[in-house]
Asker: 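Can you keep this structure in mind? I'll have questions shortly.
We're numbering straight along the sequence, starting at 1.
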Amino acid sequence: KFDLGKPETMKVVKRMYVKTSNDITITFECDDKIKTVNVKGSNIVQNIPINLKGKVLGVMVECEKDVVKIETIKLLVGVYG
């Protein structure tokens, strides 16, 4: 979990950009809200809307394969305050 160095400031995880060789599941946690996104493996960067708001953010990546190659994972986060 992380707060971007501003523990009392509201943040919004707007989007995620990800390129992965295998199917993965990404779970986002913002304060008491949770959103799980299933991402299919692809050779292109995928743009996935998240739209979760909170002060403390968490991200968990899961894959059923033993080996997975994630080339890109970026979050677009807005900070308010």
Side-chain angles (χ1 to χ4, degrees):
K1 293 185 178 185
F2 55 96
D3 61 15
L4 302 176
K6 299 182 178 196
E8 296 304 316
T9 303
M10 189 62 66
K11 295 112 185 139
V12 178
V13 179
K14 297 178 181 181
R15 309 192 81 68
M16 172 184 64
Y17 301 92
V18 62
K19 181 178 175 184
T20 176
S21 62
N22 299 90
D23 295 356
I24 59 175
T25 300
I26 302 179
T27 302
F28 295 89
E29 183 179 346
C30 290
D31 298 340
D32 61 344
K33 298 172 282 302
I34 295 175
K35 181 172 185 173
T36 300
V37 178
N38 295 310
V39 180
K40 294 284 187 188
S42 175
N43 63 352
I44 62 169
V45 176
Q46 299 175 63
N47 179 349
I48 301 168
I50 304 301
N51 298 317
L52 269 183
K53 188 184 294 187
K55 292 181 180 179
V56 177
L57 313 173
V59 180
M60 181 174 62
V61 179
E62 298 175 279
C63 181
E64 293 184 7
K65 302 283 185 181
D66 290 337
V67 177
V68 63
K69 182 178 180 182
I70 299 175
E71 292 182 37
T72 302
I73 187 164
K74 295 181 182 178
L75 299 177
L76 178 60
V77 179
V79 178
Y80 301 93

Asker: If I compare all heavy atoms of D31 with all of G54, which pair ends up nearest, and what's the gap?
Answerer: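 Of all heavy-atom pairs spanning D31 and G54, the closest is OD2-CA, 3.2 Å.
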Asker: Rounded to the nearest 0.5 Å, what's the gap from CG on N51 to CE on M16? Could you check?
Answerer: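 Rounded to the nearest 0.5 Å, the CG-CE separation comes out at 12.0 Å.
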Asker: To the nearest 0.5 Å, what is the distance between NZ (K53) and CE (M10)?
Answerer: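 Answer rounded to 0.5 Å: 6.5 Å.
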Asker: Which heavy atom of C63 sits nearest a heavy atom of D23, and at what distance?
Answerer: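 Closest pair (atom of C63, atom of D23, distance): SG-O, 3.4 Å.
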Asker: Could you tell me which non-hydrogen atom of K11 sits nearest to which non-hydrogen atom of D3, and how far apart they are?
Answerer: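 The answer is CE-O, 3.0 Å.
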Asker: Applying the side chain to side chain contact (heavy atoms under 4.5 Å, CB included) criterion to K19, which one of I73, V39, T72 satisfies it?
Answerer: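 Option passing the side chain to side chain contact (heavy atoms under 4.5 Å, CB included) with K19: T72.
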Asker: Find out if a path of hydrophobic residues (ILVMFWY) with successive side-chain heavy-atom gaps under 4.5 Å connects L75 to V79.
Answerer: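 Result: yes, single cluster for both.
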Asker: Indicate if I34 and V13 have the same hydrophobic cluster label, given that clusters are the connected sets of ILVMFWY residues with side-chain heavy-atom separations under 4.5 angstrom.
Answerer: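 Hydrophobic grouping puts I34 apart from V13.
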Asker: Crowded around K35 NZ? As in, over 12 foreign heavy atoms under 6.0 Å?
Answerer: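 Correct, the count exceeds 12.
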Asker: With rounding to the nearest 0.5 Å, note down the distance linking CZ in F28 to CG in L52.
Answerer: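 So the gap between those two atoms works out to 8.0 Å.
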Asker: Could you tell me if the side chain of P7 sits less than 4.5 Å from the side chain of V56, heavy atoms only?
Answerer: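 A side-chain contact under 4.5 Å is absent here.
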Asker: Checking N47 against R15 for the side-chain contact (heavy atoms from CB on, under 4.5 Å) test, could you report, in this order, the C-alpha distance in whole Å, the side-chain angles of both residues, the deciding distance, and whether it holds?
Answerer: CA-CA 7 Å; N47 179 349; R15 309 192 81 68; 2.6 Å; yes
Asker: To the nearest 0.5 Å, tell me how far S21 OG sits from N43 CG.
Answerer: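 Taking OG in S21 and CG in N43, the distance rounds to 11.0 Å.
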Asker: Can you tell me if N38 uses its side chain to pair, donor with acceptor, with the backbone of T25 under 3.5 Å?
Answerer: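 Here the side-chain-to-backbone pair does not exist.
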Asker: Taking a hydrophobic cluster as the set of Ile, Leu, Val, Met, Phe, Trp and Tyr residues connected by side-chain heavy atoms closer than 4.5 Å, whether directly or through intermediates, do V45 and I24 fall within one such cluster?
Answerer: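 No, it is not one cluster - the side chains of V45 and I24 are not joined through contacts under 4.5 Å.
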Asker: Looking at K69, I'd like to know if its NZ atom is crowded, meaning that more than 12 non-hydrogen atoms belonging to other residues, nucleotides or ligands lie closer than 6.0 Å.
Answerer: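 No - once you tally the heavy atoms of other residues, nucleotides and ligands closer than 6.0 Å, there are 12 at most.
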Asker: Would a single hydrophobic cluster contain both M60 and V68, if residues Ile, Leu, Val, Met, Phe, Trp and Tyr are joined by side-chain heavy-atom contacts under 4.5 Å?
Answerer: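 Different hydrophobic clusters.
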Asker: Indicate yes or no for a side-chain donor-acceptor contact from Q46 to the backbone of T20 under 3.5 Å, with no hydrogens or angles considered.
Answerer: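 It does not hold such a pair.
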Asker: Is V12 reachable from V37 through a run of I, L, V, M, F, W or Y residues, each pair having side-chain heavy atoms under 4.5 Å apart?
Answerer: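 No, V37 does not connect to V12 through the hydrophobic network.
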Asker: Just how far is it from atom CG of L57 to atom CG of L4, taken to the nearest 0.5 Å?
Answerer: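 Going from the CG atom of L57 to the CG atom of L4 covers 6.0 Å.
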